[in-house]
Chemist: 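One structure, as structure tokens, below. Some questions next.
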2 protein chains.
Amino acid sequence: MNLTNAEENYIKSIFKLQDGTSVVSTNAIAYDLDTKPASVTDMAKKLKEKKLIDYEKYQGITLTAEGRRFALQIVRRHRLWECFLVDKLSFSWDEVHEIAEELEHVKSEKLVNRLSEFLGNPTTDPHGDPIPDAQGKMSKSKQLVSLDKATSKRLEVAGVSDQSSSLLEFLKAKGIRLGTQIEVIERYDFDNSVEIKIKNQSAFTISEQVSKTIMVKSL
Amino acid sequence: MNLTNAEENYIKSIFKLQDGTSVVSTNAIAYDLDTKPASVTDMAKKLKEKKLIDYEKYQGITLTAEGRRFALQIVRRHRLWECFLVDKLSFSWDEVHEIAEELEHVKSEKLVNRLSEFLGNPTTDPHGDPIPDAQGKMSKSKQLVSLDKATSKRLEVAGVSDQSSSLLEFLKAKGIRLGTQIEVIERYDFDNSVEIKIKNQSAFTISEQVSKTIMVKSL
DNA sequence: AATACTATTTAGATTTGTCTAAATTATATT
DNA sequence: AATATAATTTAGACAAATCTAAATAGTATT
Ligand SMILES: [Mn+2]
Ligand SMILES: [Mn+2]
Ligand SMILES: [Mn+2]
Ligand SMILES: [Mn+2]
């Protein structure tokens, strides 16, 4: 079966939103894809026809097993291209999402697998997200905690829960990247901000809004 | 101005077909893009509107200066990706055209220029065709002769005038690649076939149809 | 239970890119 | 010059993907 770019974007969005939750709402997809609910309903009918989703009027959407298989392929392509851009073409992690959003639609299995090999079969992308293998097996996103909820003092950045380039640019400016080691100096209860320190830098404070998006593991 | 994939494919086709000739015909484009003349007429109106081509009913099509600029960008992207696929992902020259046909539409200047740098700013693609630089400057396709018209006995393969994978696969099977050195053993007038020999191989004969597509330079 | 609000779907349009069949224009042949 | 053939354009249609505005269904609040 050959999917259009639009269909692939919808499948990927549904896959992402379905994580944990049982069904995905029309509005959630529309918001995620920056489109209108009416368009989502239209597409839902098409994807149901193709047996990629289960969908009944007003009942929300879930991927079928086949839809999930496609989703994992697309996610694999997306994340491998992100690795390529960062590792080989020296892009920074805030610049790669948009480009990978286009590259992911080039449908050649041979290309993806060769690319993966060329990159050394990486298992996580530049944002710390796991990359499905050729069979669609993906290691669970590790049990990470967001920085605002972490308990230990010495932490390592292992991911971000928001891919927006505004956030990623901000983190880059503050010197926060994947693998960056963070020391928590102080937590302020009144606004839930955190004062942190990065090696060779003076300490600074980040807001709760930001610390919520930084996923860390303790060292 | 932002071009759609379809518009880019038309612009590239017109650019290719215009080489030498003054104007390009509706039918030639339709044949090249495997579409119908009526569709070409429709698209011609759109591209004229966007000032990328000069076009008057029944008078044929030529690119404007702006159209040519776009064409060179697309050709650059196409050929750089072909280099990437062959040099970095070990594809053979007959496998890359279709994939590059999709990759060429990813429109990020930064991506193209980083890719070019990563590849060592190559000046010819895996088929011997020149790659325009970031400014759209492209060295003229060298003055090559097709094998059926070559006069000297010792030749080197420098390109092919047909990108079809059936031809490229055939050449690969015969051991003919870019840079392959060929010795002409005999030319047969009755069918214009040529007997040739490649280093470390026994001699074999190729038809006029094939020898016409092999572009060579003398050693 | 009636009302208000939110979520979702439908109806009807639009844009892009394509097609077939018919009409028109250009070119070649007698 | 008349006719045949080839090239091109037009008319009218369709599928994909989207939208706005209106209708309907579901949920929450009084
Ligand atoms: Mn995408
Ligand atoms: Mn990512
Ligand atoms: Mn293309
Ligand atoms: Mn090429």
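The structure displayed is predicted, hence computed values, not measured ones. We name chains A, B, ... by the order of the sequence lines, and we start the count at 1 in each one. No hydrogens, no waters, no symmetry mates; every other heavy atom, side chains included, goes into these values.
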Chemist: Taking the six-membered ring of B:Phe204 (Phe, Tyr or Trp), confirm whether the NZ or CZ of B:Lys174 is under 6.0 Å from its centre and within 45° of its axis.
Modeler: yes

Chemist: Whole-Å distance between C:dT15 P and B:Glu7 CD?
Modeler: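 Rounding to the nearest Å, CD of B:Glu7 and P of C:dT15 are 14 Å apart.
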
Chemist: Using the side-chain heavy atoms of A:Thr4, tell me which of these nucleotides is nearest: D:dT9, C:dT16, D:dA16.
Modeler: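 Out of D:dT9, C:dT16, D:dA16, the nucleotide with an atom closest to A:Thr4's side chain is D:dA16.
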
Chemist: Could you give the CG-to-C1' distance, from B:Leu47 to C:dG17, as a whole number of Å?
Modeler: 12 Å

Chemist: Report all interatomic pairs (protein N or O, nucleotide N or O of nucleotides 20-26 of chain D) with separations under 3.5 Å.
Modeler:
unit_1 : atom_1 : unit_2  : atom_2 : d
D:dA25 : O4'    : A:Tyr58 : OH     : 3.3

Chemist: For the pair made of NZ in A:Lys50 and C1' in D:dA15, what is the distance, rounded to whole Å?
Modeler: 11 Å

Chemist: In whole angstrom, give the distance that lies between atom CD1 of B:Ile29 and atom P of C:dT18.
Modeler: 13 Å

Chemist: Given C:dT9, is OP1 or OP2 found less than 4.0 Å from the side-chain N or O atoms of A:Tyr55?
Modeler: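 A:Tyr55 to C:dT9 OP1/OP2: side-chain N or O found under 4.0 Å.
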
Chemist: Tell me: CD of B:Glu8 to P of C:dT16, nearest whole Å?
Modeler: 15 Å

Chemist: Could you state the NZ-P distance from A:Lys48 to C:dT9, rounded to the nearest angstrom?
Modeler: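 One finds 11 Å between P of C:dT9 and NZ of A:Lys48, rounded.
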
Chemist: Answer yes when B:Glu56 and B:Lys48 have at least one side-chain N-carboxylate O distance shorter than 4.0 Å, and no when they do not.
Modeler: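 Looking at B:Lys48 together with B:Glu56, the answer is yes, because their closest N to O distance falls below 4.0 Å.
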
Chemist: When you compare the side chains of B:His127 and B:His97, does any donor N or O come within less than 3.5 Å of an acceptor on the partner?
Modeler: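 No, no side-chain donor-acceptor pair sits under 3.5 Å.
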
Chemist: Is the distance from OP1 or OP2 of C:dT10 to the nearest side-chain N or O of A:Lys45 less than 4.0 Å?
Modeler: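 Yes, A:Lys45 has a side-chain N/O under 4.0 Å of OP1/OP2 on C:dT10.
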
Chemist: With a 4.5 Å limit on heavy-atom distance, are the side chains of B:Ile214 and B:Val157 in contact?
Modeler: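 Yes, their side chains come closer than 4.5 Å.
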
Chemist: Does A:Lys149 pair with A:Glu208 as a salt bridge, N-O distance under 4.0 Å?
Modeler: no

Chemist: Hey, does the side chain of B:Thr21 reach the backbone of B:Leu17 with a donor-acceptor pair shorter than 3.5 angstrom?
Modeler: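 Yes: the side chain of B:Thr21 pairs with the backbone of B:Leu17.
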
Chemist: Mark yes or no: A:Lys36 above the aromatic ring of A:Tyr31, with NZ or CZ under 6.0 Å from the six-membered ring centre and no more than 45 degrees from the axis.
Modeler: no

Chemist: Counting only side-chain heavy atoms from C-beta out, which of C:dG17, D:dA17, C:dT10 sits nearest to A:Thr41?
Modeler: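 Nearest nucleotide to the side chain: C:dT10.
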
Chemist: Indicate whether OP1 or OP2 belonging to C:dT18 is found under 4.0 Å from a side-chain N or O atom of B:Tyr10.
Modeler: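 B:Tyr10 to C:dT18 OP1/OP2: side-chain N or O found under 4.0 Å.
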
Chemist: Given atom CG of A:Leu3 and atom P of D:dA17, what is their separation to the nearest angstrom?
Modeler: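 Taking CG of A:Leu3 and P of D:dA17, I get 10 Å after rounding.
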
Chemist: How long is the line joining CG of B:Leu33 and P of C:dT16, in whole Å?
Modeler: 19 Å

Chemist: Report yes if some heavy atom in the side chain of B:Val145 is under 4.5 Å from a heavy atom in the side chain of B:Met215; otherwise report no.
Modeler: no

Chemist: With a 4.0 Å heavy-atom cut-off, tell me which residues in residues 15-27 of chain A come close to DNA chain C, sorted by residue number.
Modeler: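 Listed by number, they are A:Ser25, A:Thr26, A:Asn27.
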
Chemist: Which nucleotide in the list C:dG17, D:dC19, D:dA17 gets nearest to the side chain of A:Asp42?
Modeler: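 When the side chain of A:Asp42 is considered, D:dC19 is the closest of C:dG17, D:dC19, D:dA17.
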
Chemist: If we check side-chain contact (heavy atoms from CB on, under 4.5 Å) with B:Ile99, which of these qualifies: B:Trp81, B:Phe91, B:Phe84?
Modeler: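 It is B:Phe91; the other options fail the test.
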
Chemist: With sugar-phosphate meaning primed atoms plus P, OP1 and OP2, does B:Tyr31 contact a base, only sugar-phosphate, or nothing at under 4.0 Å between heavy atoms?
Modeler: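 The answer is nothing, as B:Tyr31 stays clear of every strand by at least 4.0 Å.
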
Chemist: Hey, does the side chain of A:Thr35 come within less than 4.0 Å of D:dA17's phosphate (OP1/OP2), counting only N and O?
Modeler: no

Chemist: Closer than 4.0 angstrom, basic N to acidic O: yes or no for B:Asp32 and B:Lys16?
Modeler: yes

